[in-house]
Amino acid sequence: MLFECDPNDGESTIKLIENLTTNASRIQQQVLDEIIARNSGTEYLKAFLHGNNTSRDLFKKRVPVVEYEQVKPYIDRIANGEPSSIVSAHPITELLTSSGTSGGQPKMMPSTAEELDRKTFLYDIQVPVVNQYVPGLDEGKGMYLYFIKPEIPTKSGLPARPVLTSYYKSPNFRNRRFNKYNIYTSPDETILCADSKQSMYCQLLCGLVQRDEVLRVGAVFASAFLRAIKFLENYWKEMCANIRTGELSSWIADETVRTAVLKIMSEPNPELAGEIEKECRLEPWEGIVKRLWPRTKYVDVIVTGSMAQYIPLLDLYSGGLPLVSTMYASSECYFGINMKPLNLPSEVSYTLLPNMAFFEFIPVEREEEAVAGECNGIGGDGDGRSPVEVVDLVDVQVGKYYELVVTTFTGLYRYRVGDILQVAGFHNAAPQFRFVHRRNVVLSVDTDKTNEGDLLNAITAAKRRLLHPLRLFLTEYTSYADTSSIPGHYVLFWEISPSTTMVDASVIEECCSVVEALLDSVYRRCRRKDRSIGPLEIRVVECGAFDALMDLCVSQGSSVNQYKTPRCVKSPEAIRLLNERVVGRFFSKKTPEWEPCRIGAM
Ligand code: AMP
């Protein structure tokens with residue numbers, strides 16, 4: 001099989017990667033042949049291939065490149081209990097809820113038991129790659145903060161859940177064989193604890209107790225790691241008290257978690273509690289990661305894409321440890337790994353592994369379409385463009401921009417992921433991609449991905465409901481994700497006319513709440529359940545602020561004729577310019593509703 005390796009044998013793992021990347025073209029062909037042979041009888045492919053196990057060329061000619069809206073009806077039918085064979089020959093075992101949404105609800109991606117093995121493969125090869133540059137990673141543990149999220153019931157009985165929740169609950173994770181590179185300080189019971197507060201407390205406590213063994217720390221995304229640091233700031237005293245007495249706080253109610261944690265704490269350790277207390281008392285918390293876990297060699301968190309906004313805070317808390325983004329993955333499928341883990345975040349690229357799926361690329365012609373340009377709005381490339389041309393993995397060109405299209409083993413065919421990537425170079429014959437941005441996303445603080453349309457709809461509803469009855473009008477708006485404190489929050493800059501009218505604070509506060517209530521379910525889950533996003537803020541700016549913003553954009557090269565107000569600003573100059581013109585700041589006073597709503601007609 002193309003995705004098996006012995007994770008304890010670093011050398012053979014590296015050889016396998018070399019082999020895969022050297023033979024990228026042949027392996028991609030093999031992958032597509034296998035997908036066609038296996039799935040040509042599915043209802044979806046039959047419509048295009050008429051049930052023939054056809055050639056790769058015919059597949060490309062006949063099967064259209066699609067977006068989620070086109071596959072949604074098929075996936076909805078599976079969620080409602082119709083057979084997997086609609087899209088996949090292998091049984092669909094679960095639906096993975098993406099942080100991308102459709103109609104306010106998470107998109108769902110089909111998955112199979114076999115796909116878990118492919119994911120395991122990608123996890124297994126990562127540490128041996130880092131170990132080439134940071135040796136000795138098999139001589140200690142990793143303090144990783146991993147969490148599960150709620151599942152959504154479907155009529156079919158298949159679980160619908162985020163991809164990481166699926167992985168941690170899978171036998172591949174729970175019954176994993178010993179892997180000297182992947183020994184965690186967190187017992188599985190603490191990761192699998194559904195109560196995120198108990199889970200976080202216990203994982204950090206176990207990390208502190210085993211601090212001398214920790215060689216790397218991390219979480220999947222930078223935002224989650226920083227949330228853990230914030231949690232530690234609030235709870236270190238209680239944790240030290242637990243370590244001192246060897247007793248676990250009584251509010252940790254989950255019995256399996258208690259047993260697992262007490263096994264690690266085993267006995268009172270006043271000396272360790274004293275050492276940790278000494279470090280935590282030292283203000284400010286600069287370098288706290290290095291101080292609490294002195295053997296740590298790097299912080300393993302994704303800091304590319306929207307997570308780049310957290311780099312300054314991470315640098316501060318980690319005391320300048322390398323920030324390593326190891327992998328590029330999604331609910332659709334796992335794509336690839338970073339072969340140069342110690343590269344600076346701005347230089348990180350991911351090598352797409354040719355055995356994970358069949359990859360194609362839509363060239364994104366104009367650079368300004370591809371780059372998340374300040375004055376063009378982030379991800380402002382037109383949706384619904386019909387692709388002129390699609391190129392294979394091995395045919396992409398260095399320096400060019402592309403949108404990723406995948407054909408997976410699990411029932412997605414020529415599916416546009418929505419990520420814009422730039423080719424940074426090649427590892428053997430496999431291209432390496434820099435993640436540029438996600439198409440059309442304007443705001444992201446944690447796993448939320450708010451697009452321009454959803455933001456516009458929410459703002460439109462709020463202004464109609466609350467401003468118009470008062471004869472007030474929203475003349476311009478833009479937004480940015482303020483992550484200078486944890487948790488970050490959305491900020492909207494609003495210019496209201498007539499500017500002479502004094503607006504009651506409660507009106508704008510209510511506008512904040514209405515906007516939040518209308519954002520998609522991932523945003524509302526982050527706000528209500530995960531508490532990984534703070535209350536939304538509206539900053540009302542003085543009249544003329546948006547003219548000044550236009551002047552700034554034009555001075556930076558935007559065309560006056562084609563100027564459109566960016567619906568998201570990122571550059572410090574633009575944010576400063578608007579902040580200097582703020583006349584009032586208002587926050588949402590309500591937490592939006594969120595329910596793990598059922599999918600499919602019940
Ligand atoms: P989800 O749909 O929730 O599975 O999120 C998958 C998306 O997260 C990808 O399509 C990317 O847009 C983003 N993502 C995943 N890994 C990375 C990474 N290493 N760097 C930047 N963005 C990433």
Side-chain angles (χ1 to χ4, degrees), residues 67-68 71 75 94-102 105-111 115 119 122-123 126 129 147 149 152 160-167 218-225 299-311 323-341 343 345-353 356-357 359 361 370 372 378-379 402-406 408 410 412 415-422 424 432-451 520-523 525-526 530 532:
E67 304 226 29
Y68 188 73
V71 293
I75 295 176
E94 57 188 332
L95 295 164
L96 303 177
T97 52
S98 156
S99 54
T101 53
S102 155
Q105 290 304 318
K107 293 176 182 167
M108 290 186 293
M109 306 301 167
S111 197
E115 197 62 14
K119 288 177 177 140
L122 209 79
Y123 285 122
Q126 285 169 28
V129 169
F147 303 94
K149 303 221 156 129
I152 304 174
R161 52 197 179 189
V163 60
L164 295 167
T165 300
S166 142
Y167 193 73
V220 178
F221 289 111
S223 53
F225 188 75
V299 182
D300 185 346
V301 283
I302 290 176
V303 285
T304 44
S306 65
M307 290 295 149
Q309 61 193 327
Y310 293 108
I311 293 169
L323 304 176
V324 176
S325 297
T326 48
M327 72 189 279
Y328 170 41
S330 80
S331 313
E332 291 86 339
C333 91
Y334 282 17
F335 305 123
I337 57 167
N338 174 359
M339 294 297 298
K340 293 267 168 59
N343 271 7
S346 55
E347 280 155 30
V348 166
S349 63
Y350 300 98
T351 304
L352 296 203
L353 293 176
M356 297 306 286
F359 300 111
F361 299 85
I378 292 182
Y402 299 91
E403 180 183 339
L404 177 61
V405 173
V406 286
T408 66
T410 57
L412 295 173
Y415 176 85
R416 289 172 72 168
V417 174
D419 290 344
I420 307 293
L421 311 174
Q422 185 189 24
Q432 300 178 297
F433 293 91
R434 195 172 68 79
F435 182 90
V436 180
H437 71 96
R438 194 175 171 91
R439 193 154 48 89
N440 200 24
V441 167
V442 283
L443 289 168
S444 176
V445 163
D446 188 31
T447 52
D448 54 304
K449 295 181 177 69
T450 295
N451 67 44
D520 71 26
S521 78
V522 177
Y523 175 88
R525 189 197 67 213
C526 287
D530 307 344
S532 54

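Order of appearance sets the numbers: ligands from 1, and atoms from 1 within every ligand. We use all heavy atoms of the structure for the numbers below, so side chains are in, but hydrogens, waters and symmetry mates are not. The residues of the chain are indexed from 1 along the displayed sequence.
The salt bridge (Lys or Arg N to Asp or Glu O under 4.0 Å) check on D448 picks up nothing, with sequence neighbours excluded. Taking the side-chain contact (heavy atoms from CB on, under 4.5 Å) definition, one finds that T101 meets it with D454, D520, V522, sequence neighbours left out.
The ring of Y334 has its center closer than 6.0 angstrom to the ring center of Y123.
For the pair K119 and Y167, the cation-pi test (distance below 6.0 Å, angle within 45°) is failed.
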Please table the atom pairs, donor to acceptor, closer than 3.5 Å between any side-chain atom in residues 300-309 and protein atoms at least two apart or in another chain.
{"from": "D300", "atom 1": "OD2", "to": "Y144", "atom 2": "OH", "distance (Å)": "2.6"}
{"from": "T304", "atom 1": "OG1", "to": "Y350", "atom 2": "OH", "distance (Å)": "2.7"}
{"from": "S306", "atom 1": "OG", "to": "S444", "atom 2": "OG", "distance (Å)": "3.4"}
{"from": "Q309", "atom 1": "OE1", "to": "T483", "atom 2": "OG1", "distance (Å)": "3.4"}
{"from": "Q309", "atom 1": "NE2", "to": "S306", "atom 2": "O", "distance (Å)": "3.0"}
{"from": "Q309", "atom 1": "NE2", "to": "S444", "atom 2": "O", "distance (Å)": "2.7"}

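Residue-level contacts of ligand 1 at the 4.0 Å heavy-atom threshold are S98, S99, I302, T304, G305, M327, Y328, A329, S330, S331, Y350, V417, D419, F435, R438, K449.
D530 has a carboxylate O that lies under 4.0 Å from a charged side-chain N of K149, or vice versa, which qualifies the two as a salt bridge.
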